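All remarks here apply to the structure that follows.
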Amino acid sequence: MADPKGFLNHGREVAKSRPVDVRLKDWNEVYVPGSLLPIISKQASRCMDCGIPFCHNGCPLGNLIPEWNDYAYREDWAAASERLHATNNFPEFTGRLCPAPCESACVLGINQPAVTIKNVEVSIIDKAWDSGDVEPQAPERLSGKTVAVIGSGPAGLAAAQQLTRAGHTVAVYERADRVGGLLRYGIPEFKMEKRHINRRIEQMRAEGTRFRTGIEIGRDLKATDLKKRYDAVVIAAGATTARDLPVPGRELKGIHQAMEYLPLANKVQEGDFVAPPITAEGKHVVVIGGGDTGADCVGTAHRQGAASVTQLEIMPQPGEDRAPHQPWPTFPMLYKVTSAHEEGGERVYSVSTTHFEGDEDGNVQWLHLTEVEFIEGKLTSKPGTERKIPAQLVTLAMGFTGTDRENGLVEQFGLALDERGNIARDADFQTNVPGVYVAGDAGRGQSLIVWAIAEGRSAARGVDRFLTGASELPAPIRPTDRSLMV
C-alpha cells in the first residue's frame, strides 16, 4: 500500500470529456486524449489495499486491482501492465466498455466515492501500448492440435489467444467481414475507436492465431465439416437473436433492430459507405430500450443529425443512490447518465408501446404509448395516459434472447440447450458433444464484456485439458457463477 492516506487526501476524479458541441462533429472517443495520466497516480493512491479486496468479487476476471493500483501510483507502468495482463487479455476493451462492477464492490465505496478502477486500468494499458510493453507472446512449441473458434467477440478472442499461447493451432471464424464481433459492429466509434481492436488482432496474428472472416458456420460451412477438420471447437457466437416488439404497425418501414442500425454507422467509419443506408438525419428518432445498446443508438442518432431523440424504458426510473435491497457490494441498478445522454434527447420511463402509425407509403410516423405501473407484481397500463409521439426512425434495443438458431449451427452440431435457450455445457464448458465447447453469451446469455472474457479464458482451460490431458491455463469462473447482484 503506497499511500495509506491516499483515500483521505484525494477525492475522486474521472476522465474529462470533450465539449458536446465539439464531439458531436466527429466519431472519435468522447474523452480528452491524455487527460487521465496527470491525475491517475493520485487516483490510484485512493485504493486502500483492503485486507479482503471485494473488488475481486465484483470482477469475474479476478483482476489484481490493488496490485496494479499500487504500481500505477508508483508510475511503474511496465509492472502495472504485467499485473493487468495476468488476468485480462484485453484491458483496453474493458477499461472503455465495462460498467465496472468492481467499482460497485470497492470497499471505499461503502461511504465514499469508489476508486476510479476503470480509469486506472485504461491508463495502464494505453501507457503500455505507447511504451511498447505489449508484445506478441508466441508459444515456444506447438502441440500439433487444432482448434476452431466460432465468433470473434471478446469471448472468442480470449479463448483463441489463450489456446494459441498454449501451443495449439487456432483458427477464428467470423461471419462478418471484419474481426471483432459486437466490439467491431455493435459498439460505436465514440465509445471505443476500432484502432484498439486492430492492434490487438495484429498481436494475435503475430502469436499465430489465424482469422477467417466472411464465413458463417452453419451456412457457408457445415458445422459437421468444421468438427471433422479440427480436434476441438469453441462456440463463441454470442446471443445475437434480438428481442422483438410484436405490436400493430411493426411491419412499417423505418423500424429496425438496434443491431441493424448500429453496424451501418460503424461501416461508414470503416470506409464502406459514404452515408449509412439507415440514418437518423433530420428525423424524429425513438429508441425503445433503456440499456447500454439504447444509449449507443442515442449517441449515434445525435451524430447523424437527428431532429429529436427520445428513449423509452418500460421500467421505472432508477434512483441515484443504492436501494435498500441492493446493498454494497452488489451491483446496483442506478440512474446512469452516459456520454450519449449528456448530448441531448429525452428519456421517458414507465411507458409501453401500444402500436405504430404510418403514412400512406408505409413509413412509420408516430409511436403510440401508454404509461405503465406495477400492480401486485404485474406490469399494468394506466388508463387515460395514452399518447403519441413523432417517430420517423425507431430502433429496438430491448436485449437479446439467445444464440442464432436460423443458421443451423445448433442443429448441425446436435447441441443441447438449457431451460433459458442457451447452449448447455458442463463444468469444463463442454457441450453434450465431445470436443465442442461454448463460451460467452452463447452459453451464459446476454452479459457483460468482463464475463465474456472470463468465459473465454475458462473455456480455453477446458479445451486445453481435453486436448492434452492437463492444463496450466487459468479458469477464473465456472459456468454456473453469476454476477454479484441481488
Side-chain angles (χ1 to χ4, degrees), residues 142-164 166-182 204 208-242 400-445 452 455-456 458-469 471 473 479:
L142 297 178
S143 67
K145 301 293 185 178
T146 58
V147 182
V149 176
I150 303 173
S152 65
L157 292 179
Q161 187 168 64
Q162 293 293 95
L163 290 166
T164 297
H168 308 303
T169 300
V170 180
V172 178
Y173 287 83
E174 169 56 54
R175 62 181 175 182
D177 58 344
R178 292 181 178 89
V179 175
L182 291 186
M204 293 180 65
T209 304
R210 303 169 183 177
F211 294 93
R212 307 281 188 265
T213 56
I215 300 176
E216 184 171 9
I217 306 302
R219 285 197 173 101
D220 303 315
L221 179 62
K222 295 285 187 182
T224 49
D225 293 337
L226 185 77
K227 190 174 184 302
K228 291 177 183 177
R229 293 187 189 181
Y230 294 89
D231 297 309
V233 176
V234 179
I235 300 172
T240 57
T241 302
F400 302 89
T401 60
T403 194
D404 189 348
R405 296 288 304 275
E406 294 183 0
N407 59 14
L409 183 150
V410 171
E411 286 72 21
Q412 290 171 22
F413 272 123
L415 300 172
L417 303 179
D418 63 19
E419 64 278 0
R420 298 177 65 88
N422 303 313
I423 300 174
R425 63 266 184 94
D426 64 15
D428 277 338
F429 292 81
Q430 187 172 215
T431 69
N432 60 299
V433 181
V436 178
Y437 292 73
V438 62
D441 291 359
R444 174 169 293 272
E455 289 242 346
S458 299
R461 177 183 173 88
V463 174
D464 189 36
R465 186 158 57 185
F466 171 79
L467 295 175
T468 65
S471 180
L473 294 177

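Atom set for the values below is all heavy atoms of this structure, side chains included, hydrogens, waters and symmetry mates excluded. If you're wondering where the values come from, they're calculated on a predicted model, not measured in any experiment.
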d(R210 CZ, T169 OG1) to nearest 0.5 Å is 5.5 Å
As a quick check of understanding, evaluate side-chain contact (heavy atoms from CB on, under 4.5 Å) for L157 and F211, giving each step before the final call.
CA-CA 10 Å; L157 292 179; F211 294 93; 3.8 Å; yes
Minimal heavy-atom distance between H168 and S143, with the atoms involved, is ND1-OG, 2.6 Å
Next item on the list: Carefully, step by step, assess I217 and N407 under the rule side-chain contact (heavy atoms from CB on, under 4.5 Å).
Entry: CA-CA 8 Å; I217 306 302; N407 59 14; over 6 Å; no
Note: V463 and A232 closest approach over all heavy atoms is CG1-CB, 3.8 Å
Side chain T164, main chain G208, donor-acceptor under 3.5 Å
no
Are the side chains of L467 and V147 in touch, meaning some heavy atoms are under 4.5 Å apart?
-> yes
- Task: Go through the steps for T146 and D231 under the test side-chain contact (heavy atoms from CB on, under 4.5 Å), then give the verdict.
- Result: CA-CA 5 Å; T146 58; D231 297 309; 3.3 Å; yes
The reported gap from CZ in R465 to CD in Q430 (rounded to nearest 0.5 angstrom) is 10.5 Å
Verdict with supporting geometry, R461 and Q162, side-chain contact (heavy atoms from CB on, under 4.5 Å): CA-CA 8 Å; R461 177 183 173 88; Q162 293 293 95; over 6 Å; no
All heavy atoms of A416 vs all of N432, minimum pair found to be N-OD1, 2.8 Å
- Query: How about F413 and I150: do any of their side-chain heavy atoms sit closer than 4.5 Å?
  - Reply: yes
Closest heavy-atom pair, A223 versus L409, reported as atoms and distance to 0.1 Å, is CB-O, 4.2 Å
Separation between CZ (R219) and CD (Q412), nearest 0.5 Å, reads 10.0 Å
When rounded to the nearest 0.5 Å, the distance separating CG of L221 from CG of L226 is 5.5 Å
### Task
Look only at the side chain of E455 and the backbone of A439, and say whether a donor-acceptor pair between them is shorter than 3.5 Å.
no
More than 12 foreign heavy atoms under 6.0 Å from CZ of R420: is that the case here? no
For T241 and T403, the nearest pair of non-hydrogen atoms, with its separation, is OG1-O, 3.2 Å
Residues D464 and L163: closest non-hydrogen pair is N-CD2, 4.0 Å
dist R175:CZ -> I215:CD1 (nearest 0.5 Å) comes out at 13.5 Å
Salt-bridge contact R212-D220 (side-chain N to carboxylate O under 4.0 Å)
no
CG of D441 to CD1 of I423, rounded to nearest 0.5 Å, is 11.0 Å
